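The structure appears right after this line, and notes come after that.
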Amino acid sequence: MKLKSQSNSSPSFVVFFVLFFSFIALSEMSTLGGIRDSPAGSENSLETEALGRFAVDDHNQKQNGMLEFVRVVKAKEQVVSGTLHHLVVEAIDGGKKKLYEAKVWVKPWLNFKQVQEFKHAGDPETVSGTPSFTSSDLGVKQGGHATGWQDVHPHDPQVQDAANHAVKSLQQKSNSLFPYELQEVVHAKAEVMEEHAKFNMLLKLKRGDKEEKYKVEVHKNNEGAYNLNQMEVEH
């Protein structure tokens with residue numbers, strides 16, 4: 001009597017279960033909703049910043065990298081089983097700022113967080129629609145994440161550049177034989193918009209022996225060009 005040999009099916013079952021659970025994971029990631037912009041200003045929120053840092057740290061661990069997180073430039077989200085966050089992250093690589101696209105999958109009820117993708121997207125100055133600076137760069141968000149007009153230090157390099165542009169523009173419009181000289185930025189506020197930044201400043205100027213104060217508003221676009229938008233003498 002011949003006995004039928006019983007094949008060992010354990011490897012087959014292991015492969016089956018691996019494929020099965022992989023399918024479940026992919027199903028969970030299937031799109032339940034399209035990609036949409038995150039709420040306005042969310043790229044500056046502590047939660048989004050933490051996701052950006054997590055993505056950079058994850059990349060450094062996996063690739064033995066040395067990227068330094070700077071900020072989250074853009075944030076979008078997609079409803080899956082949880083939320084898939086689509087981020088554009090700015091980080092420093094070898095002393096140079098670069099942009100990276102990251103996808104972070106979050107399921108808060110399971111305390112689950114996983115980086116699905118992380119790739120280089122270009123340099124800030126070459127990527128369309130990317131602000132060349134942020135409120136943080138101007139120092140207007142120190143101690144918080146408020147939006148709108150915020151006080152900024154008069155000696156901030158961005159403020160000084162905007163003030164010098166205002167003086168140059170004023171000089172070009174003036175018929176005076178005496179040039180305007182910037183004595184002091186008395187105070188300054190700044191507001192960073194999606195496509196430009198606005199500087200509202202009170203300038204103390206000198207023209208010959210006469211001192212004058214001007215209220216000015218200067219705009220700076222993503223290409224770095226300044227434009228004197230408003231100007232009036234303070235009496």
Side-chain angles (χ1 to χ4, degrees), residues 14-94 96-124 126-148 150 191-195 222:
V14 171
V15 172
F16 171 78
F17 281 116
V18 169
L19 292 175
F20 175 76
F21 285 113
S22 297
F23 173 77
I24 293 297
L26 289 173
S27 297
E28 284 190 315
M29 283 293 292
S30 61
T31 303
L32 298 180
I35 301 173
R36 65 176 186 271
D37 290 333
S38 298
S42 63
E43 65 272 9
N44 296 316
S45 70
L46 293 176
E47 179 183 0
T48 303
E49 181 179 307
L51 291 175
R53 290 184 182 277
F54 175 76
V56 171
D57 290 343
D58 181 82
H59 169 80
N60 286 339
Q61 290 177 6
K62 291 179 179 178
Q63 303 297 326
N64 195 26
M66 297 290 289
L67 296 182
E68 298 178 37
F69 174 83
V70 177
R71 62 183 172 118
V72 174
V73 177
K74 294 181 181 178
K76 295 186 177 183
E77 56 190 44
Q78 181 179 10
V79 177
V80 290
S81 176
T83 304
L84 185 62
H85 296 269
H86 297 250
L87 309 175
V88 176
V89 178
E90 186 176 283
I92 297 175
D93 181 18
K96 184 178 180 181
K97 287 184 178 180
K98 296 183 179 181
L99 295 178
Y100 298 86
E101 293 179 357
K103 295 180 182 179
V104 184
W105 184 17
V106 178
K107 293 191 284 187
W109 66 94
L110 294 178
N111 196 26
F112 173 87
K113 185 164 54 177
Q114 185 180 79
V115 177
Q116 296 292 307
E117 183 177 275
F118 191 93
K119 64 180 180 180
H120 182 232
D123 300 330
T126 62
V127 177
S128 175
T130 301
S132 57
F133 52 88
T134 64
S135 300
S136 298
D137 294 327
L138 293 172
V140 303
K141 290 200 173 183
Q142 294 174 355
H145 294 271
T147 57
Q150 299 293 315
E191 180 179 20
V192 175
M193 313 295 286
E194 183 175 350
E195 298 180 352
N222 284 338

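What you see is a predicted model; the values in this text were computed from it and never measured.
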### Task
Compare every heavy atom of Ala55 with every heavy atom of Val115, then report the nearest pair and how far apart it is.
CG2-CA, 3.8 Å
### Task
Heavy atoms only: give me the nearest Lys113-Val106 pair and the separation to one decimal.
CG-CG2, 4.1 Å
### Query
What is the distance from atom CD of Glu101 to atom NZ of Lys74, rounded to the nearest 0.5 Å?
9.5 Å
### Task
Apply ring pair (Phe, Tyr, Trp, His ring centres under 6.0 Å) to Phe54 and list each qualifying residue two or more places apart in sequence or on a separate chain.
none
#### Entry: Arg53 bridged to Asp57 by N-O distance under 4.0 Å
no
#### Entry: Over all atoms of both residues, closest heavy-atom pair of Thr48 and Ala75
CG2-CB, 4.1 Å
### Message
Can you give me the closest heavy-atom contact between Ala102 and Phe118, atom names plus distance?
### Response
CB-CD1, 3.7 Å
### Task
Nearest 0.5 Å please: distance from the CZ atom of Arg71 over to the NZ atom of Lys97.
6.5 Å
### Residue pair Arg36, Glu77: steps toward the salt bridge (charged side-chain N to carboxylate O under 4.0 Å, His left out) verdict
CA-CA 6 Å; Arg36 65 176 186 271; Glu77 56 190 44; 3.1 Å; yes
## Note on the structure
Distance col, row Asp58:CG vs Gln63:CD, nearest 0.5 angstrom, shows 9.0 Å
### Query
Does the side chain to side chain contact (heavy atoms under 4.5 Å, CB included) test come out yes or no for Lys98 and Leu67, once each step is laid out?
CA-CA 9 Å; Lys98 296 183 179 181; Leu67 296 182; over 6 Å; no
### Message
Give me each pair satisfying salt bridge (Lys or Arg N to Asp or Glu O under 4.0 Å) with a member in residues 79-88, each pair once, sequence neighbours excluded.
### Response
none
### Query
Which atom names give the shortest non-hydrogen contact between Gly52 and Leu87, and what distance separates them?
N-CD1, 3.9 Å
### Task
Any pair with a residue in residues 67-90 that passes ring pair (Phe, Tyr, Trp, His ring centres under 6.0 Å), sequence neighbours left out, goes on the list, sorted by first then second residue, please.
none
### Task
Could you check whether the rings of Trp105 and Phe112 sit parallel, tilted or perpendicular, using 30° and 60° as the cut-offs?
perpendicular
### NZ on Lys107 to OG1 on Thr83, rounded to 0.5 Å
11.5 Å
